[in-house]
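Hydrogens, waters and symmetry mates are skipped; everything else that's a heavy atom, side chains included, is used.
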Amino acid sequence: MKENKIQLENIEEKFNKIIKSKEWDKLQTAYNNATNIFFFGHGGNMAVADHGAIDSSRLTNKNIIAPGSAITATSLIADTDFDSWMTNWMETRSIGLDPSKCLAVGFSCSLNNASANCIVNALNWADENNIDTAMISAQYNPCGNPNIIKVVQDVEFYHTSEILSLMLTYQLVHGAGFDCPSILKKCKVK
């Protein structure tokens, strides 16, 4: 009989390995120095990006946004195409911002398909416009741009990658010197 337990691939070990890596140090430094941060992904990673952006904005002094609305995504896809809608979103959301104070972070479980290509296209656009860039991906994505910080989770399952990605957004908050909320502390205050 098949084991009736979800496989999380030793997620805590993966998390600890990532946050000790040189690539993570680069991402944490870029995050710490940024004022405006763009999180984006497709599917479950769009939800991760949206959740991470909302919590990170309320827990830090940073403006962190994500294209979490289906209205945003479908409108921009209709105006452009699937491969470039995130690039279009980055272009419109970065108007008037100092690129040296911005960071674009893409979350991806996919490799070499339309979803991954769309994310890489947006990161390449950001890099060309002097915005720091990073990709947090389930597996190594050979996007070819050496300027994109590549944080590789080395996981097999979508759910593991998406859970790990959300964990990493909270680590960015913590690593920037801000506190993540405590449920028990909040309950005692009321």
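Partners of E23 by salt bridge (charged side-chain N to carboxylate O under 4.0 Å, His left out), not counting sequence neighbours, listed by chain and number: K26. For Q28, the side chain to side chain donor-acceptor pair (under 3.5 Å) criterion is met by N32, not counting sequence neighbours. Residues that satisfy the side chain to side chain donor-acceptor pair (under 3.5 Å) test with N124, not counting sequence neighbours, are N145. In this structure, the ring-ring contact (aromatic ring centres under 6.0 Å, His included) partners of F157, at least two apart in sequence or on a different chain, are H159. In terms of the side chain to side chain donor-acceptor pair (under 3.5 Å) criterion, N141 has no residue partners (sequence neighbours excluded). For E9, the side chain to side chain donor-acceptor pair (under 3.5 Å) test picks out T160, with sequence neighbours left out.
Think of V152 as one node in a network of Ile, Leu, Val, Met, Phe, Trp and Tyr side chains linked at under 4.5 Å; its network also takes in Y140.
Under the ring pair (Phe, Tyr, Trp, His ring centres under 6.0 Å) criterion, no residue pair touches residues 10-36, with sequence neighbours excluded. Among residue pairs with one or both ends in residues 51-76, those qualifying as salt bridge (charged side-chain N to carboxylate O under 4.0 Å, His left out) are D55-R58; sequence neighbours excluded. Among pairs with a residue in residues 164-177, none fulfils salt bridge (charged side-chain N to carboxylate O under 4.0 Å, His left out), at least two apart in sequence or across chains. Listed by first then second residue, pairs satisfying salt bridge (charged side-chain N to carboxylate O under 4.0 Å, His left out) with a partner in residues 145-158 read K14-D154, not counting sequence neighbours. Listed by first and then second residue, the salt bridge (charged side-chain N to carboxylate O under 4.0 Å, His left out) pairs involving residues 92-118 amount to none (not counting sequence neighbours).
Nearest heavy atoms, A30 versus I149: CB-CD1, 4.5 Å. Between T133 and L123 the shortest heavy-atom distance is CG2-O, 3.3 Å.
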- Verdict with reasoning, I136 to L27, per side chain to side chain contact (heavy atoms under 4.5 Å, CB included): CA-CA 10 Å; I136 297 175; L27 175 53; 4.0 Å; yes
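Taking the six-membered ring for Trp and thresholds of 30 and 60 degrees, H42 and F82 have nearly parallel ring planes, at less than 30 degrees apart.
Side-chain atoms of N129 and P99, non-hydrogen and from C-beta on, never get closer than 4.5 Å to each other.
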